Every structure is written in structure tokens, then in C-alpha cells.
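What follows is a set of notes on a single structure, which appears directly below.
Since this is a predicted model, take the numbers as computed values, not measurements. Residues: numbered from 1 along the sequence shown.
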Amino acid sequence: MATKFLALACIRKESYGDLSPRPRYPSMPKYPKGVSAQETNVEGSEAKAVFCVLGMTCAACAGSVEKAVKRLPGIREAVVDVLNNKAQVLFYPSFVNEETIRETIEDAGFEATLIQEETSDKSTQVCRIRINGMTCTSCSSTVEQALQAIPGVQKAQVALATEEAEVHYDPKILGCNQILEAINDTGFEAVLLSTGEDMGKIGLKVDGVRTHNSMRMIEKSLQALPGVQSIDIDSEVNKISLSYKPDVTGPRNFIKVIESTGTGRFKAMIFPEGGGRESHRKEEIKQYYRSFLWSLVFTVPVFLIAMIFMYIPGIKDALDTKLVNMLSIGAILRWVLSTPVQFIVGRRFYTGSYKALRHGSANMDVLIALGTNAAYFYSVYSVLRAASSTDFESTDFFETSSMLISFILLGKYLEVLAKGKTSDAIAKLMNLTPGTAILLTLDDEGNVISEEEIDSRLIQRNDVIKIVPGAKAASDGFVIWGQSHVNESMITGEARPVAKRKGDTVIGGTVNENGVLHIKATRVGSESALSQIVRLVESAQMAKAPVQKFADRISKYFVPLVIILSISTWLAWFLAGKFHGYPDSWIPKSMDSFQLALQFGISVMVIACPCALGLATPTAVMVGTGVGASQGILIKGGQALESAHKVNCLVFDKTGTLTIGKPVVVNTRLLKNMVLRDFYELIAAAEVNSEHPLAKAIVEYAKKFREDEENPMWPEAQDFQSITGHGVKAIVRNKEVIVGNKSLMLEHNIPISIDAEEMLAETEGMAQTGILVSIDREVTGVLAISDPLKPGAHEVISILKSMKVRSIMVTGDNSGTANSIAKEVGIETVIAEAKPEQKAEKVKELQAAGYIVAMVGDGINDSPALVAADVGMAIGAGTDIAIEAADIVLMKSNLEDVITAIDLSRKTFSRIRLNYIWALGYNLLGIPIAGGVLFPGTGFRLPPWIAGAAMAASSVSVVVCSLLLKNYRRPKMLEHLDIGGIKIE
């Protein structure tokens with residue numbers, strides 16, 4: 001199952017274009033003026049670049065970056081993620097390159113660096129395949145020739161000794177699944193080991209290097225190693241970057257060569273990883289914390305002087321002491337203490353607003369800078385006027401500007417702290433890999449010679465690793481010795497430990513429970529299941545939900561509108577006071593009408609919060625996808641979440657989805673006198689050449705009659721013929737053997753007796769598949785093959801009905817078996833004998849009827865329907881999460897995860913709605929209150945520093961609201977279901 005599932009990784013191209021379905025700036029040029037896509041033929045040469053963008057604080061910043069990038073020619077799409085400080089750009093290299101895009105982002109006032117990613121968009125990809133059943137060079141030659149004959153295969157090598165094939169192919173022409181099918185067609189079993197580039201990359205730090213000659217000597221030694229492709233040296237930090245073939249060599253070899261080159265003088269280690277999302281987040285938290293503390297150093301004294309000491313006799317008299325004319329000591333102290341807060345601590349708001357305004361946009365920094373400057377410079381004017389006048393009593397707002405900046409910094413600190421917690425799921429996944437591993441050295445007979453503890457990052461492909469009880473697997477691999485139970489809950493969400501023995505796969509990061517295991521590493525580093533999950537979740541968190549476009553549209557006009565409202569508020573109150581539009585008693589004793597109007601205007605400016613709107617969707621999506629990943633449900637971004645919460649019709653595949661997917665022979669009825677062993681020997685000889693699951697079930701059952709042999713040799717089958725969808729035909733021991741369904745017998749004019757007809761009807765009535773066997777044109781027996789239902793399937797369908805979700809079954813099986821299965825689980829609508837393309841057509845019909853359709857399949861032959869559905873759910877993916885055909889990947893085979901996925905999407909979307917209601921409601925209520933709507937009737941006035949604190953609190957509250965999703969629990973109705981993992985021995 002897992003192997004075939006991973007094969008689908010190449011079926012569908014990466015759907016990065018779906019991140020933002022419609023460009024937000026349609027007027028921007030996709031191609032240079034006068035050039036069309038047809039003329040340049042660039043559609044096939046699309047490239048992707050991801051940049052780390054530092055300095056963004058809110059959705060307006062993201063909008064200005066996106067706008068600047070989309071103005072470039074040759075940009076197909078640009079998506080900016082303010083939460084993760086990333087920008088993802090799809091572009092046509094004929095017109096623009098990464099450096100130009102990076103410079104454009106920097107011109108917009110932000111720091112940008114290109115993130116080097118291992119992309120799969122290269123013209124050549126490599127897949128490694130294990131081939132079971134090869135016995136001699138003739139077998140390997142047959143497979144190699146079959147592979148080389150496939151269009152799109154550039155190079156194919158088959159090694160008999162390791163029973164592996166390495167295939168270099170063009171992913172634009174060919175997919176992994178077609179390569180697997182070609183090998184299966186030659187009669188061997190193909191198991192996909194890995195896909196991706198045939199290139200490993202690593203950075204090493206070398207200590208002890210004193211001269212350039214030493215570095216050159218090391219370089220020459222490394223170049224002499226087989227498998228080393230390229231070497232880059234950075235002498236400043238003594239770093240060596242290598243590209244190499246992981247099948248030939250690896251990091252341990254490089255370290256040995258370096259350390260042996262300088263007669264023990266050089267010491268090499270893996271270069272410490274710097275940068276990255278987590279380190280940037282920590283640095284950002286530190287910066288805000290330091291800024292907040294420094295602001296407190298000055299703001300607390302300002303607050304005490306302005307608010308507390310003025311009411312303490314003695315201290316009040318000292319502060320009121322006049323220095324020059326009406327200028328007091330208190331005013332001078334407030335001015336001196338608030339200036340560092342305004343211009344040094346608050347410098348970030350000036351730089352942020354300058355960068356935004358320079359490119360014709362406005363963000364939160366503009367509002368803060370305008371609000372604090374208005375308070376500060378009016379206060380400066382007031383102090384200077386008092387110093388030059390003998391009768392002017394100064395009233396300053398120095399405490400307003402400094403307290404405003406302090407509260408906003410506190411809010412930003414809490415916000416960044418909370419935002420960091422939204423990506424906890426990724427951090428936890430990345431920390432699952434153990435720091436060290438026990439490397440075993442084996443002799444030719446497989447006996448352990450020595451064991452050594454090494455850094456887990458030094459593991460190479462085909463290494464043998466020892467996992468002791470309680471330890472974590474350091475890489476993906478398969479068991480070559482030992483047996484144990486492994487806890488996979490941290491990867492798949494499967495609660496019960498899974499039994500492992502020789503030949504079983506082990507996922508990196510999982511915990512060995514009791515026995516000792518020796519595993520052979522198959523996928524290391526970026527190839528591992530853990531790395532793929534992290535990449536998928538990161539990609540999902542980059543993808544925008546369509547609902548986010550609503551916030552993006554508002555944020556474009558929000559800040560200019562607030563500035564206009566603020567000025568209008570100040571003007572309205574000022575004019576009302578000037579022309580006595582309200583009683584003089586409304587004006588506080590320490591103010592005049594101008595100052596009162598100014599306070600209202602500043603309060604309106606600083607209470608408005610564009611950040612809360614911008615954070616409403618991405619924080620909820622980040623937490624939702626993270627929670628899903630921890631439960632073995634991988635949701636590919638906001639688009640999938642938004643579609644899943646609307647689903648009202650589920651289309652189920654039968655085999656492997658509603659049923660276990662492991663057919664077994666449950667009954668045999670002979671119509672002629674014949675020894676059962678001889679009967680099965682003839683059938684197995686014909687069926688062993690077929691790859692159909694039913695054929696494999698028959699062969700497995702036939703092995704029971706040959707228990708004395710581990711790998712029984714079946715009689716030779718001549719003139720073998722496989723009739724797709726019907727059965728097989730062959731000559732075995734000079735007898736014509738036909739095994740298949742009723743229509744195959746009728747096609748060959750073989751009469752079917754009444755007994756056989758009755759047996760068939762009875763078999764299908766029991767939800768089993770009936771197979772007829774004809775020997776020498778006479779029906780000799782009827783086989784009943786059953787694919788058992790998954791535990792709890794009936795309950796899951798019942799729960800879906802209670803959730804008002806309609807369930808439909810679409811299967812390629814015969815109508816009798818399909819209807820029996822459907823009746824057993826409670827599905828009323830059944831479409832039987834449907835081909836893969838007919839499944840997709842049915843999905844489209846349901847969509848046309850107004851349903852939001854989710855297709856649930858095992859991904860083997862359901863990919864057209866998975867793609868056609870509004871939401872494609874691939875079930876039972878195990879570790880192979882690279883599948884592109886599905887929007888949601890359910891890593892376990894448990895059906896209740898379908899309900900969990902829908903329920904989680906509904907909960908996440910309701911949280912997004914709640915965030916929007918809060919963010920919009922806060923602004924719609926807060927701005928009028930700050931503008932003085934309540935003042936005439938109640939005398940209630942919102943001072944600017946309290947308005948600033950409220951603004952900071954709104955962003956934090958939205959992030960905290962999203963973080964509450966981390967407490968998500970599966971629906972209570974699932975807790976009482978006894979549905980566990982399924983394993984067929």
C-alpha cells in the first residue's frame with residue numbers, strides 16, 4: 001500500500017499556483033510589453049524561489065512586498081507570509097531572475113535572502129527501486145532493457161547483488177508510477193525506495209586550518225574521493241560545502257579524509273546550522289524584550305512625574321519650580337526622559353514607516369509614528385512656548401508618547417511570543433530525530449564486528465543502525481535483524497505500538513519499545529519521512545486560505561482611512577471648541593479645546609489595528625495544520641481547510657478505503673473430483689504471473705498446500721494472457737486454465753452450470769468476490785475471496801449522516817459485492833464497475849448538482865477523482881506523504897480520521913471567523929470610542945496611551961484565540977469507537 005501510494009508523488013505537478021488562485025494585482029505585467037506566452041514558450045520553464053524577508057510587521061508590509069514583486073515582468077505569482085517571514089515567487093527565468101526579485105524586495109525596504117531549497121523541478125530526477133524476485137543476470141538484464149525502453153528514461157541501472165535499480169528520468173515526461181508498472185509488467189515486484197535528485201549536500205567546518213595551502217590540500221584530497229561532485233570553500237569561516245552521490249559516499253568519509261590529510265592537525269565537523277525560522281523568531285523576541293525593558297527605564301519615571309508625584313506635597317512643589325519664565329523642572333524632566341523613548345527605542349517605527357511610505361503604502365508603523373510624533377512635538381512646542389512666555393501655562397503629553405511606545409512594544413513582544421507557539425508542531429517534528437545513533441560494522445556473513453556512536457547527521461544510505469529499547473530511530477530504513485514494537489504515534493498519530501520484524505519498515509523519529517532492532521538506512525537527511533512531513537506542513541502554512549483575501553483587501557485601504565478619520569476627529573473637536581459647539585465645562589482643567597481635540601485625534605490613530613486583521617487567518621491555519629499533523633492528518637494549506645469545512649458529500653472508494661485492502665481466499669468449492677492441492681497448483685501457476693491483488697491472494701492461499709517449501713516453484717505457464725478487468729488464461733501441464741469472472745467464461749463460450757451460478761450469487765450476497773476456475777473448458781471450481789470491512793466502518797458512515805454529510809461508494813468491483821458492502825456499512829448510493837476516469841466523472845456530476853465533494857481513496861487508482869474533487873483525501877498513506885494528488889493525507893488506515901479531518905477544518909474555520917469578528921468588531925467599536933462618541937453623554941475619554949495598549953492587546957488576543965486550537969480534541973462520538981490500526985499477517 002505505502003509503496004504504491006508513494007508512487008503517486010509524481011502524478012500531479014506541484015500545486016504552488018494554488019496558493020493564491022487569482023492575482024491581487026491584475027494590472028501588473030505577466031510578460032514584458034508586446035511579448036506573449038506563445039511567442040516565448042515559457043509556460044514549461046516556470047521556476048520557484050523562496051526568500052527570507054526580514055522587517056515585515058503586518059499585512060500591509062506583506063502587501064507592499066507582494067505589490068513590488070508583482071510589478072516585475074515575468075512574475076506568475078507571489079505569495080508573502082508575514083508570520084514566517086517568507087516570500088514565495090513563481091516566475092519565468094526568461095524575463096527575471098532570483099537576484100532581481102531579491103533586489104526588488106530590498107528596494108521595498110526589507111531585508112531579503114534567497115533560501116536554497118532542494119527543488120524537484122530539475123530536468124532530471126532519480127528514483128531508487130528495490131526489485132524482489134530476481135535470481136540471475138538474465139532477470140536483471142530483462143528489467144534493465146524494459147526500463148531503458150520507456151520514453152523519458154535517460155539512464156537505468158539494475159544491480160542484481162543489491163536487488164536495486166536506479167533510474168534517471170525526465171519528470172515532465174514520466175512518473176515514478178509508470179516506472180514501477182513497467183517493472184511489475186516484467187514479472188517482478190517493485191518497491192519504491194526513494195525519489196529526488198541524485199545529489200546530497202553538506203557543509204563541514206574545519207578547525208586547525210592556518211593557510212590557504214592547507215585548504216587547497218584538503219580540497220584535493222576530497223576531490224579524489226569517488227562520488228564527490230563539487231566542492232565550494234569559504235575560507236573566512238573555514239567552511240567546505242560538498243555535493244556528492246549519497247549512494248557512493250557520505251559525510252563520514254569526508255571527515256575521515258580531512259582528519260587524515262593534516263596528520264591529525266585538522267578537525268572536521270558538520271557546520272553548525274545558523275539562521276532559519278526558529279533562530280530568527282528567537283532573535284526577534286529578544287529584540288522586542290530588550291526594547292521594552294529600555295523603554296520602561298525611561299517611561300516609568302515619566303509616568304511617576306506626570307501621574308503620581310504631582311499629587312504628593314513637597315515633590316509637587318519641587319517639580320513645579322520655574323527655571324525659565326513659565327518652564328518648570330517637571331516639564332524639563334519629562335522632556336529629557338521621553339526623548340530617548342521617542343527617537344532611540346522608537347526608531348524601529350520611524351524606519352518602518354519610511355520604508356512603507358517610500359513605496360506608496362502605509363502600515364501600522366505609520367500610525368504609531370504619526371500618533372507619537374503629534375503628542376511629542378506638540379509637547380515640545382508647549383514647553384518652548386512656556387520658556388519664552390511669562391503667562392503661558394504649558395500642558396505637555398510627553399507621558400502619552402513614551403507610554404504609547406512602551407505599551408506597543410509590550411504588545412509586539414507578546415504577539416511575537418504567541419506567534420512562535422503557532423509553529424510548535426514543526427519544531428516538535430524537527431526535534432524528533434535523535435542527536436546520536438549506534439553504527440554497526442558487519443562482516444560478509446552479517447555478523448557484528450564493531451559498534452560506534454556517531455552524530456545522527458553522519459548516517460549514510462545503507463548504513464546498519466542499532467536501535468536499543470527506548471531509543472529513537474535515527475533514519476528511515478527496514479529491519480534486517482530483531483523484532484520489537486515501535487511507537488509511531490509522533491509521526492502517524494497511531495496510538496498503539498506497531499510490531500516490527502525482519503523486512504518491516506521503520507520511520508525515523510519513532511521510539512523502539514522493547515526489543516533490539518538492526519535497521520538498514522534507506523532514506524536519510526532531506527529524503528526521510530520526517531523531513532517530507534516538515535516540508536509539507538511548512539508549505540501548507542505558506543498557502544493562503546481564500547478567505548484571507550478579504551483581510552488583504554481591507555488592509556490596503558485601512559491605514560489611509562484611519563489617518564483621514566483621525567484628522568477629521570481632531571478637526572471636528574477643535575472647530576466645535578473654537579465656535580463653542582459644546583460647554584466649556586467639558587474641557588478638563590489642565591487642557592484647552594485644542595489639546596482635547598489633539599488627544600481624541602491621537603487616540604483614533606493609535607487604537608486602530610491593521611495587524612489583528614492580518615493575523616486572523618494565517619495564525620489559525622498554522623495551528624490547525626500543526627494539530628492535524630500531530631494526529632496523522634496532513635492538511636495542505638488554507639485552501640484545503642476552507643473547502644473541507646464546507647464538504648457535504650463524501651465519495652468513498654471501496655478497496656483499501658472501506659475495506660482493509662488485503663483480499664484473502666475464504667472458501668473453495670470444487671464441482672469436479674480433484675485433489676485440492678493439484679487444483680491450486682494449476683491456478684497458482686497461472687495467477688503467479690499477474691499483479692492483481694486477487695491473483696496475489698490466490699497464490700498466497702496456494703502456498704499453504706506447499707508449507708514444506710519457503711518459496712515454492714510453480715509449474716511453468718505457457719501462452720500466459722492477462723485480460724484486464726476479467727482474469728487470466730494460460731496452459732499449465734498441457735491443460736488450458738482460465739481463472740476469472742463470469743463474463744470471461746461467457747466470452748470463451750464455457751458453459752456455467754446452475755450449481756456454479758448459485759455459488760456465485762451466494763458468494764456475492766455475502767459481500768465476497770466470486771472467481772470461476774475453468775480447466776480444459778469446463779468450470780471446475782468457485783473461489784470466494786473476501787476483503788474484510790475496516791472495523792467501525794458502519795459507525796463512521798452513521799456519524800457522517802449525523803453531520804449531514806452524504807456518503808456514496810464508487811468502486812471498480814462487481815455490483816453484487818459492491819451493494820453487499822454498501823448495505824453492510826449503511827451507504828445507500830453505489831456506483832459499481834467504475835473505471836478510474838468514471839470515478840472522476842461521477843465526482844464532477846455531484847459537483848454540478850451543487851454538492852461540495854470530498855473523495856476518499858487509497859491513492860492507487862483514485863488520483864483522477866482525488867484531483868477532480870473539491871477536497872481529495874488520501875487514506876492509509878503511512879510514511880509516503882509526498883503524494884500530490886490529495887489535499888488532505890490521512891497517514892493511518894483508520895476511517896475515523898475522515899471525520900476528524902472534516903471536524904478539525906470546521907473548528908479551524910470557526911476560529912478564523914471568530915478572529916475576524918473580534919478584529920473587525922474591535923476596530924468598529926474602538927475607533928468611535930477613541931474619537932469621543934461617549935464623551936458628551938458620559939464624560940468618558942480614552943487617553944492615547946490606553947488606546948495604544950488596547951491596540952497592542954487586540955493583536956495578542958487574535959493570536960491567543962488561534963492558539964486555543966491547540967486544545968483540539970476529536971469529536972466525542974469517536975472516543976467510544978473501538979477502531980484501531982489494522983495489520984494482516
Side-chain angles (χ1 to χ4, degrees), residues 184-185 187 654-655 662-706 712-787 811-821 832-833 835:
N184 287 335
D185 288 344
K654 179 180 78 71
T655 309
K662 296 273 186 181
V664 287
V665 177
V666 291
N667 199 359
T668 309
R669 297 192 186 182
L670 295 178
L671 298 170
K672 303 287 176 190
N673 286 329
M674 193 174 184
V675 177
L676 202 56
R677 178 184 167 122
D678 296 342
F679 173 73
Y680 267 104
E681 208 153 279
L682 293 174
I683 307 171
E687 291 283 25
V688 76
N689 298 296
S690 172
E691 281 299 310
H692 197 280
L694 296 181
K696 287 183 177 179
I698 292 168
V699 174
E700 280 301 312
Y701 188 77
K703 285 180 183 177
K704 292 182 179 179
F705 297 97
R706 304 274 290 272
M713 294 290 292
W714 304 109
E716 186 183 353
Q718 298 173 332
D719 301 333
F720 173 79
Q721 190 180 352
S722 176
I723 302 101
T724 306
H726 293 287
V728 298
K729 176 184 176 185
I731 305 293
V732 183
R733 290 179 178 165
N734 297 321
K735 293 180 179 178
E736 184 191 53
V737 179
I738 300 175
V739 185
N741 57 18
K742 186 177 175 181
S743 58
L744 182 63
M745 300 298 158
L746 297 175
E747 271 181 29
H748 286 79
N749 297 317
I750 296 168
I752 301 170
S753 66
I754 295 169
D755 286 347
E757 291 271 18
E758 286 175 356
M759 287 176 192
L760 272 182
E762 186 184 333
T763 300
E764 289 176 2
M766 293 166 66
Q768 297 167 352
T769 303
I771 304 287
L772 294 169
V773 180
S774 160
I775 299 173
D776 285 336
R777 307 192 64 75
E778 194 174 357
V779 174
T780 311
V782 179
L783 310 182
I785 297 181
S786 173
D787 186 3
T811 177
D813 211 338
N814 66 72
S815 57
T817 305
N819 283 312
S820 298
I821 291 279
E833 298 176 24
K835 293 177 181 174

Which residues pass the side-chain contact (heavy atoms from CB on, under 4.5 Å) test with E758, sequence neighbours left out? I754, D755
When you compare the side chain of N741 with that of T769, does any pair of heavy atoms fall below 4.5 Å? no
Test: E762 and R669 ion pair at under 4.0 Å: yes
Counting distance only, does the side-chain N/O of S753 pair as donor-acceptor with the main-chain N or O of P751 below 3.5 Å? no
Heavy atoms, side chains only, cut-off 4.5 Å: are L694 and E687 in contact? no
Using a 4.5 Å cut-off on heavy atoms from C-beta on, say whether the side chain of M759 contacts that of L671. yes
Consider side-chain contact (heavy atoms from CB on, under 4.5 Å). Of V665, I821, T763, which one does Q768 pass it with? T763
Would you say that W714 contacts V732 through its side chain, given a criterion of any heavy-atom pair below 4.5 Å between the two side chains? no
Does any non-hydrogen side-chain atom of I698 lie less than 4.5 Å from one of I785? yes
Considering only heavy atoms from C-beta outward, does the side chain of R706 approach that of R677 to under 4.5 Å? yes
Knowing that exactly one of K672, K735, E736 qualifies, which makes a side-chain contact (heavy atoms from CB on, under 4.5 Å) with I775? K735
Side chains of Y701 and V664 in contact at under 4.5 Å (non-hydrogen atoms): no
Are any side-chain N or O atoms of D719 and backbone N or O atoms of A730, one a donor and one an acceptor, separated by less than 3.5 Å? no
How long is the straight-line distance from CG of L772 back to CG of L783, given to the nearest 0.5 Å? 8.5 Å
Kindly indicate whether the side chain of S820, heavy atoms from C-beta on, has any atom under 4.5 Å from the side chain of E764. no
